[in-house]
Amino acid sequence: MAKHTLFVCKSCHRSSQERPENPPFDGDIFLDKLNALCNEQFPNDDIEIRSVGCLWACSHGCVVSVASVDKPTYLFVNLTPEESSLPLMEFLQLYLHSKKGNIPWKKLPEHLQSGIFAQIPPLGLS
């Protein structure tokens with residue numbers, strides 16, 4: 001089975017106006033929460049979490065991306081470590097168990113429906 005990757009922006013904060021001068025930023029806190037939850041819910045290392053310096057959506061709060069080979073990539077914005085961690089785990093379960101990775105908007109956890117920013121087609125799409 002192909003590896004599924006969750007990219008988490010470490011430099012994100014809920015709003016660029018509220019961003020503190022020194023870490024930890026919300027992205028760091030979110031990354032820690034997601035690592036702990038993934039270790040609990042995906043003990044077989046089905047999900048790899050990669051922190052990235054920036055996902056270039058700074059005006060959109062915390063940003064994550066979910067990707068896999070031959071599946072669409074999803075970009076979620078305006079997330080918070082406190083409220084978005086568990087819904088993101090629900091989405092990862094759907095994505096992981098979907099053969100083609102196409103998750104209809106109505107099947108997204110309700111909290112993530114307003115946070116979906118993009119669904120990017122897979123590279124292997126012909």
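Just so you know, these numbers use all the heavy atoms, side chains as well, and skip hydrogens, waters and symmetry mates. Each residue takes its place number in the sequence, starting with 1.
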Quick one: do L86 and Q41 satisfy side chain to side chain contact (heavy atoms under 4.5 Å, CB included)? Show the steps, please. CA-CA 10 Å; L86 289 174; Q41 295 190 23; 4.2 Å; yes
So how far is it from [X] [atom1] to [Y] [atom2], rounded to the nearest 0.5 Å?
{"X": "K33", "Y": "D26", "atom1": "NZ", "atom2": "CG", "value": "11.0 Å"}
{"X": "I49", "Y": "N35", "atom1": "CD1", "atom2": "CG", "value": "4.0 Å"}
{"X": "C62", "Y": "E82", "atom1": "SG", "atom2": "CD", "value": "8.5 Å"}

Tracing side-chain links under 4.5 Å among I, L, V, M, F, W and Y, which residues wind up in one group with I120?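 Besides I120, the hydrophobic cluster comprises nothing; the residue is isolated.
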Only one of W105, F91, F7, F117 forms a ring pair (Phe, Tyr, Trp, His ring centres under 6.0 Å) with Y74, so which one is it?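 Only match with Y74 under ring pair (Phe, Tyr, Trp, His ring centres under 6.0 Å): F91.
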Show the numbers, then the answer: is there a side chain to side chain contact (heavy atoms under 4.5 Å, CB included) between C38 and E48? CA-CA 9 Å; C38 273; E48 176 184 3; over 6 Å; no
Does [X] belong to the same Ile/Leu/Val/Met/Phe/Trp/Tyr cluster as [Y], with side-chain heavy atoms less than 4.5 Å apart forming each link?
{"X": "Y95", "Y": "F30", "value": "yes"}
{"X": "I47", "Y": "V63", "value": "no"}
{"X": "V52", "Y": "L92", "value": "no"}
{"X": "L75", "Y": "V8", "value": "no"}
{"X": "L112", "Y": "L31", "value": "yes"}

Examine distances only and state if a side-chain atom of [X] and a backbone atom of [Y] form a donor-acceptor pair shorter than 3.5 Å.
{"X": "S68", "Y": "K71", "result": "no"}
{"X": "D28", "Y": "F25", "result": "yes"}
{"X": "S11", "Y": "G53", "result": "yes"}

Mind running side chain to side chain contact (heavy atoms under 4.5 Å, CB included) on L37 and L88 for me, showing each step along the way? CA-CA 10 Å; L37 286 170; L88 195 52; over 6 Å; no
I'd like to check H111 versus S84 (side-chain heavy atoms, cut-off strictly below 4.5 Å). Are they in contact? yes
Does S114 form a side chain to side chain contact (heavy atoms under 4.5 Å, CB included) with N78? I'd like the steps, not just the answer. CA-CA 8 Å; S114 63; N78 294 319; over 6 Å; no
